[in-house]
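Just below is one structure, and these are the notes that go with it.
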Amino acid sequence: MNIRSDLRADAWERRTAGPLTGLAVVFLVAYAVPILRPGIPRAWHDACEAANVAIWALFVADYSVRFWLHVNRARFVRSHMFDLAVLLLPALRPLRVMRLFTAVLVLTRRTEEWARGRLALYVGATSVLLIFVAALAVLDAERNNPDANITSYTEALWWSCVTITTVGYGDHFPVTTDGRLVAVGLMIGGIGLIGFVTGSLATWIVDRISVKDDKTQDATKSDIALVLAELASLRAEVDQLRAAQVPAVAQMAQMPSVEEPTVQ
């Protein structure tokens with residue numbers, strides 16, 4: 001009898017991590033080319049769109065397989081609600097830009113594994129990825145709107161940088177529904193990154209202080225042990241000297257006394 005277990009799901013994720021990461025990169029390239037080069041031939045534009053749809057469908061298939069392999073499927077869905085929303089919402093034509101977040105999730109999952117224990121690398125890679133992707137998404141959403149003030153990729157990058165840091169100068173802002181959804185996602189991502197960095201830094205400081213306190217306590221205990229050992233050694237030497245002096249004193253006590261001559 002073939003019993004499903006979470007071990008099979010873990011094995012599936014390990015086997016597909018590399019190919020899915022490659023597909024996520026191809027997905028981003030295929031999405032970015034028509035936006036950054038709007039004058040490309042129609043055939044190339046259609047090819048990029050077909051690649052986007054096909055890879056997005058593979059992401060949906062991967063989620064479905066992981067859902068099937070997990071024993072507790074309800075818990076899997078609860079712990080992957082954002083993944084599910086990102087996969088389902090792009091099925092609606094106005095929300096097609098949400099497909100980008102699917103690629104972001106795949107890439108950040110691998111980045112976390114590669115950079116485990118390396119906070120700077122993980123946060124840096126995730127921040128750059130979010131800025132790049134959000135700039136593409138907002139430009140795609142805003143470019144064809146007559147009231148848009150984000151009409152070039154440089155403006156989109158500037159807007160993305162000030163938004164992820166929650167600065168928001170207001171010189172560029174989205175006016176479409178899709179663009180505002182991208183802004184919400186980027187702001188949440190920026191707040192999450194800041195909170196992650198702050199929490200990790202605080203944990204690191206506490207750990208360092210704890211380690212220093214432990215080392216100080218160990219050093220103090222070691223010093224006390226050395227002092228006690230030296231005292232024990234000195235006491236042993238004193239006992240030996242005392243033991244050596246006792247026979248000499250006893251011998252002197254047994255010697256006959258010499259009478260002094262009497263003067264006539």
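When reading the values below, keep in mind they use all heavy atoms of this one structure, side chains included, and skip hydrogens, waters and symmetry mates.
- There is no path of hydrophobic side-chain contacts, each under 4.5 Å, that joins V162 to L130.
- The side-chain heavy atoms of P174 and V182, taken from C-beta on, include no pair separated by under 4.5 Å.
- Residues M187 and V133 fall into different hydrophobic clusters, defined by Ile, Leu, Val, Met, Phe, Trp and Tyr side chains chained together at heavy-atom separations under 4.5 Å.
- In this structure a side-chain-to-backbone donor-acceptor pair under 3.5 Å is present from N149 to F173.
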Run the side-chain contact (heavy atoms from CB on, under 4.5 Å) check on L23 and F27 step by step: do they pass? CA-CA 6 Å; L23 287 175; F27 185 97; over 6 Å; no
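- Put simply, the side chain of S64 gets close to the backbone of V60: a donor and an acceptor are under 3.5 Å apart.
- Interatomic distance, CZ of R42 versus CD of E49, reported as 9.0 Å (0.5 Å rounding).
- Of all heavy-atom pairs between P34 and H45, the closest is CB-CD2, 3.6 Å.
- No side-chain heavy atom of L139 sits less than 4.5 Å from a side-chain heavy atom of T151.
- Under the 4.5 Å side-chain contact rule for hydrophobic residues, W56 and F67 share a cluster.
- With rounding to the nearest 0.5 Å, the separation of CD1 in I150 from CG in D171 is 9.0 Å.
- Residues satisfying the side-chain contact (heavy atoms from CB on, under 4.5 Å) criterion with W12, sequence neighbours excluded, are R15, T16, D62, V65, R66, L69.
- Between V138 and L186, every side-chain heavy-atom pair lies at or beyond the 4.5 Å cut-off.
- In this structure, V175 is not a member of the same hydrophobic cluster as L181, with clusters built from ILVMFWY side-chain heavy atoms closer than 4.5 Å.
- For S152, the side-chain contact (heavy atoms from CB on, under 4.5 Å) criterion is met by T154, E155, not counting sequence neighbours.
- Here T163 pairs with W159 under the side-chain hydrogen bond (donor to acceptor under 3.5 Å, both in side chains) rule; sequence neighbours left out.
- Put simply, the side chain of D140 reaches to within 4.5 Å of the side chain of Y31, judged on heavy atoms.
- Looking at every heavy atom in both residues, A141 comes nearest to G179 through CB-N, 3.7 Å.
- Under the ring pair (Phe, Tyr, Trp, His ring centres under 6.0 Å) criterion, Y63 pairs with F76, not counting sequence neighbours.
- Note: T176 OG1 to D147 CG = 10.5 Å, rounded to the nearest 0.5 Å.
- Residues I35 and R143 meet the side-chain proximity criterion, which asks for heavy atoms closer than 4.5 Å.
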Working for side-chain contact (heavy atoms from CB on, under 4.5 Å), residues Y153 and L36: CA-CA 7 Å; Y153 191 63; L36 300 177; 3.5 Å; yes
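- Here the closest non-hydrogen pair linking A135 and S160 is N-OG, 4.0 Å.
- Take R75 and apply the salt bridge (Lys or Arg N to Asp or Glu O under 4.0 Å) test, not counting sequence neighbours, and it matches D6.
- Looking at residues two or more places apart in sequence or on another chain, you find no side-chain contact (heavy atoms from CB on, under 4.5 Å) involving N144.
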